[in-house]
Amino acid sequence: QLQLVESGGGWVRTGGSLRLSCTVSGRTSEEYGMGWFRQAPGKEREFVAALNWNGGNIYYHDSVKGRFAISKDNTKDTAYLQMNSLKPEDTAVYYCAVRYGRQSYVLAVQYDYWGQGTQVTVSS
């Protein structure tokens, strides 16, 4: 079993930056991939970014390419989502997720463990 705790959300002006963190605890000795998803009010949860167990294989949604960066510190069992040039349409609850394995996973249904979510609000 794994537990995931996100942090780093908040309010930021358009064009600003935030860094989200997701710390994993529990049975972390096995390799796992991590992903970030987001859900805006009235919308379905959507993929944002994902990386594989060693961070060597990374995927981004087209809407965040060039603005967001996902990374992982295996020594701390923590993943990060650096978000720059934020736009109002980035406003959502952001969730991190974990699946055991060596690959990157871009579909929500592929993940077994989820954090509680952290709110990101972008406005002018």
Side-chain angles (χ1 to χ4, degrees):
Q1 291 290 336
L2 294 174
Q3 296 79 44
L4 284 63
V5 177
E6 299 109 333
S7 61
W11 177 85
V12 64
R13 290 191 184 277
T14 300
S17 298
L18 283 174
R19 188 177 81 155
L20 305 183
S21 299
C22 175
T23 299
V24 183
S25 61
R27 189 165 59 96
T28 60
S29 58
E30 296 183 31
E31 295 152 348
Y32 56 89
M34 297 187 73
W36 287 96
F37 292 77
R38 65 187 181 187
Q39 188 166 18
K43 295 187 177 182
E44 294 187 354
R45 190 170 299 189
E46 69 172 4
F47 168 74
V48 176
L51 49 62
N52 68 332
W53 68 284
N54 65 358
N57 196 9
I58 293 176
Y59 293 95
Y60 295 100
H61 190 277
D62 285 347
S63 65
V64 306
K65 282 182 181 177
R67 301 189 298 122
F68 290 13
I70 186 173
S71 61
K72 184 184 180 193
D73 185 342
N74 284 334
T75 65
K76 298 180 180 179
D77 288 314
T78 298
Y80 304 96
L81 185 68
Q82 178 66 45
M83 305 185 295
N84 300 323
S85 302
L86 282 161
K87 306 174 181 179
E89 50 264 43
D90 294 317
T91 295
V93 177
Y94 283 70
Y95 299 89
C96 66
V98 164
R99 169 176 168 149
Y100 286 119
R102 298 173 66 92
Q103 300 180 41
S104 301
Y105 309 97
V106 300
L107 299 178
V109 295
Q110 293 176 302
Y111 286 89
D112 300 312
Y113 302 95
W114 292 83
Q116 82 287 353
T118 184
Q119 176 71 46
V120 171
T121 303
V122 185
S123 68
S124 56

Atom pair [atom1] ([X]) and [atom2] ([Y]), whose distance is rounded to the nearest 0.5 Å:
X      : Y      : atom1 : atom2 : answer
Gln119 : Gln39  : CD    : CD    : 11.0 Å
Gln103 : Tyr59  : CD    : OH    : 8.5 Å
Arg45  : Tyr95  : CZ    : OH    : 4.5 Å
Tyr60  : Phe47  : OH    : CZ    : 9.0 Å
Asn84  : Leu18  : CG    : CG    : 9.5 Å
Cys96  : Gln116 : SG    : CD    : 7.5 Å

Quick one: closest heavy-atom pair of [X] and [Y], and the distance?
X     : Y     : value
Arg38 : Ala92 : CB-CB, 3.8 Å
Trp36 : Ala79 : CZ2-O, 4.0 Å
Ser17 : Ser85 : OG-N, 4.3 Å

Without swapping roles, check the side chain of [X] against the backbone of [Y] for a donor-acceptor pair under 3.5 Å.
X     : Y      : result
Thr78 : Thr23  : no
Asn74 : Trp53  : yes
Glu6  : Leu20  : no
Asn57 : Ser104 : no

### Query
Is the count of non-hydrogen atoms from other residues, nucleotides or ligands lying under 6.0 Å from Glu89 atom CD greater than 12?
yes
### Message
Are more than 12 heavy atoms, taken from residues, nucleotides or ligands other than Gln1, located less than 6.0 Å from that residue's CD atom?
### Response
no
### Task
Side-chain contact test, heavy atoms from C-beta onward, threshold under 4.5 Å: evaluate it for Met34 versus Val98 and give yes or no.
yes
### Query
Step by step, would you call Val120 with Asp90 a side-chain contact (heavy atoms from CB on, under 4.5 Å)?
CA-CA 8 Å; Val120 171; Asp90 294 317; 5.5 Å; no
#### Entry: Lys65 bridged to Asp62 by N-O distance under 4.0 Å
yes
### Message
With clusters defined by side-chain heavy atoms of hydrophobic residues (ILVMFWY) lying less than 4.5 Å apart, directly or transitively, does Val48 cluster with Val93?
### Response
no
### Query
Can Leu2 be reached from Phe37 by stepping across I, L, V, M, F, W or Y side chains whose heavy atoms are under 4.5 Å apart?
no
### Message
Is there a side-chain contact (heavy atoms from CB on, under 4.5 Å) between Phe68 and Leu86? Walk through the geometry before answering.
### Response
CA-CA 9 Å; Phe68 290 13; Leu86 282 161; 3.8 Å; yes
Could you give the side-chain donor-acceptor pairs of residues 106-115 under 3.5 Å, partners two or more places apart or in another chain?
from, atom 1, to, atom 2, distance (Å)
Gln110, OE1, Val106, N, 3.1
Gln110, OE1, Leu107, N, 3.0
Tyr111, OH, Tyr105, O, 2.4

### Task
Run the numbers on Met83 and Val64 for side-chain contact (heavy atoms from CB on, under 4.5 Å), then give the verdict.
CA-CA 8 Å; Met83 305 185 295; Val64 306; over 6 Å; no
Counting only pairs under 3.5 Å, give me each side-chain donor-acceptor contact of residues 7-16, with atom names and distances, residues two or more places apart or in other chains.
from, atom 1, to, atom 2, distance (Å)
Trp11, NE1, Ser123, OG, 2.7
Arg13, NH1, Ser124, O, 3.0

### Task
Let me see the working for Thr91 and Thr121 under side chain to side chain donor-acceptor pair (under 3.5 Å), right down to the final yes or no.
CA-CA 5 Å; Thr91 295; Thr121 303; 5.3 Å; no
### Message
Under 6.0 Å from the ring centre and within 45 degrees of the ring axis: does the NZ or CZ of Arg19 meet both conditions for the six-membered ring of Tyr80?
### Response
yes
### Query
Should Lys72 and Tyr32 be marked as a side-chain contact (heavy atoms from CB on, under 4.5 Å) after you check the CA-CA gap, both sets of side-chain angles, and the distance that decides it?
CA-CA 11 Å; Lys72 184 184 180 193; Tyr32 56 89; 3.7 Å; yes
